[in-house]
Amino acid sequence: MAENDGEGRGGMGVFGRRLLLAVDARGYGGADAVTQGEFQEAITRLLHEAADAARLDRSRWMTQEGGDSLFAVLPEGASEPALVDTFMRVLDFGLRTFNRNREPHARLRLRAAVHFGPASPGANGFTGPAPVELGRILDCAALRAALAQAPGACLAVGVSKPVFRDVVKEEAYTSVRADEFRQVRVKEKEYEGSAWIWVPGADVRRLDLGPEPEPGPEPGETARGDAYTMHVSSGGGGAQGPGATVNVNN
């Protein structure tokens with residue numbers, strides 16, 4: 001699936017900061033073909049419904065979609081509070097509705113990550129540290145543990161430091177309170193930093209998410225020098241590591 005805003009590769013100039021979203025389903029690979037098909041339909045529909053409710057024009061997102069996952073660069077001016085608050089609340093409600101009366105093994109449960117940071121157009125698409133950091137937050141052990149430790153939850157959300165600091169912390173822009181989030185250390189591959197996790201319907205502070213972050217300055221975020229590109233092409237592909245490619249289908 002491709003971005004359709006008519007502004008070229010993401011509609012950005014030489015440098016830009018964009019709002020980024022990634023989601024991934026838990027347990028998709030172990031589901032049977034029928035359940036996988038149901039999950040794919042539900043993910044597509046629920047993301048559209050959540051975007052509509054949050055007034056985030058889904059047709060203008062540049063996306064890479066897998067069977068159970070999505071990576072998206074939202075257009076310039078997309079509302080961070082709307083994505084963190086309304087979008088996630090509506091998504092959680094939709095997941096709970098979908099899962100009603102379903103057997104535990106057939107319940108759709110998602111991890112989601114939100115970041116705002118640099119993403120620049122390169123010769124073959126987007127480059128920049130923000131997509132790398134987003135992927136590390138989405139895949140981090142703490143966010144995975146959040147769903148495992150809260151079996152009644154349908155959604156676990158991880159946000160980056162700038163999103164928590166600028167959108168959540170002051171409690172002026174969202175209805176989600178800062179104390180509903182829990183800071184965790186993210187150490188995935190070459191990246192080391194922090195994220196804040198929120199699990200709608202669960203007390204995230206009671207969950208076993210691994211070691212608590214150590215006090216003091218945050219470690220160097222070594223992913224900052226990496227290039228992460230997004231090709232706009234007719235082929236498909238998946239999010240890879242630093243210096244790799246995310247293919248976006250036109």
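Using a 4.0 Å cut-off between a side-chain N of Lys or Arg and a carboxylate O of Asp or Glu, Glu80 and Arg17 do not qualify as a salt bridge. In this structure, Arg144 pairs ionically with Asp139, as a charged nitrogen and a carboxylate oxygen lie closer than 4.0 Å.
The two atoms that bring Arg89 and Ser175 nearest to each other are NE-OG, 3.1 Å, heavy atoms only. Residue Ala112 comes nearest to Met88 through the heavy atom pair CB-CE, 3.9 Å, listed as atom of the first residue, atom of the second, then distance. Taking all atoms of both residues into account, the shortest heavy-atom contact from Ala150 to Val199 is CB-CG1, 4.4 Å. Of all heavy-atom pairs between Pro200 and Arg96, the closest is O-NH2, 3.1 Å. The heavy-atom pair separating Ala78 from Leu56 by the smallest distance is CB-CD2, 4.2 Å. In plain terms, the two heavy atoms of Val186 and Ala195 that are nearest each other are CG2-CB, 3.7 Å.
Atom CZ of Arg165 and atom OG of Ser160 lie 8.5 Å apart (nearest 0.5 Å). Residue Leu46 holds its CG atom at 11.5 Å from CZ of Phe39, rounded to the nearest 0.5 Å. If you take CZ on Arg111 and CD1 on Ile197, they are separated by 10.5 Å, rounding to the nearest 0.5 Å. The structure places CG of Leu20 at 9.5 Å from CD of Glu133, a figure rounded to the nearest 0.5 Å. Taken to the nearest 0.5 Å, the OG atom of Ser194 stands 12.5 Å off from the NZ atom of Lys187. Of the inter-residue distances, the one linking Arg26 atom CZ with Arg109 atom CZ reads 5.5 Å to the nearest 0.5 angstrom.
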Exercise. Are Val168 and Glu180 close enough, and set up right, to give a side-chain contact (heavy atoms from CB on, under 4.5 Å), and what steps lead you there?
Worked result: CA-CA 10 Å; Val168 178; Glu180 294 181 68; over 6 Å; no
Problem set entry | Test side-chain contact (heavy atoms from CB on, under 4.5 Å) applied to Phe87 and Leu47, step by step | CA-CA 8 Å; Phe87 179 92; Leu47 291 175; 3.7 Å; yes
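Annotation: side chain of His115 is not in contact with side chain of Leu138 (no heavy-atom distance under 4.5 Å). Using a 4.5 Å cut-off on side-chain heavy atoms (C-beta onward), Thr86 and Arg55 make no contact. In this structure, Trp61 and Leu21 have side chains that are in contact, with non-hydrogen atoms separated by less than 4.5 Å. Counting heavy atoms from C-beta on, the side chains of Asn99 and Cys154 come closer than 4.5 Å. Between Val176 and Phe181 there is a side-chain heavy-atom pair separated by less than 4.5 Å. A 4.5 Å side-chain heavy-atom check between Asp85 and Tyr173 finds every atom pair outside the cut-off. With a 4.5 Å cut-off on side-chain heavy atoms, Arg102 and Leu108 do not count as touching. The shortest distance between side-chain heavy atoms of Leu134 and Phe71 falls below 4.5 Å.
Checking side-chain atoms of Arg18 against main-chain N and O of Leu74 turns up a donor-acceptor pair under 3.5 Å. Side-chain atoms of Arg107 never come within 3.5 Å of backbone atoms of Asn101 as a donor-acceptor pair (strictly under, hydrogens ignored). Judged by distance alone, the side chain of Arg182 and the main-chain N or O of Val204 form a donor-acceptor pair under 3.5 Å. Judged by distance alone, the side chain of Glu49 and the main-chain N or O of Leu91 form no donor-acceptor pair under 3.5 Å.
There is no path of hydrophobic side-chain contacts, each under 4.5 Å, that joins Leu147 to Ile43.
The aromatic ring centres of Phe164 and Trp196 sit less than 6.0 Å apart.
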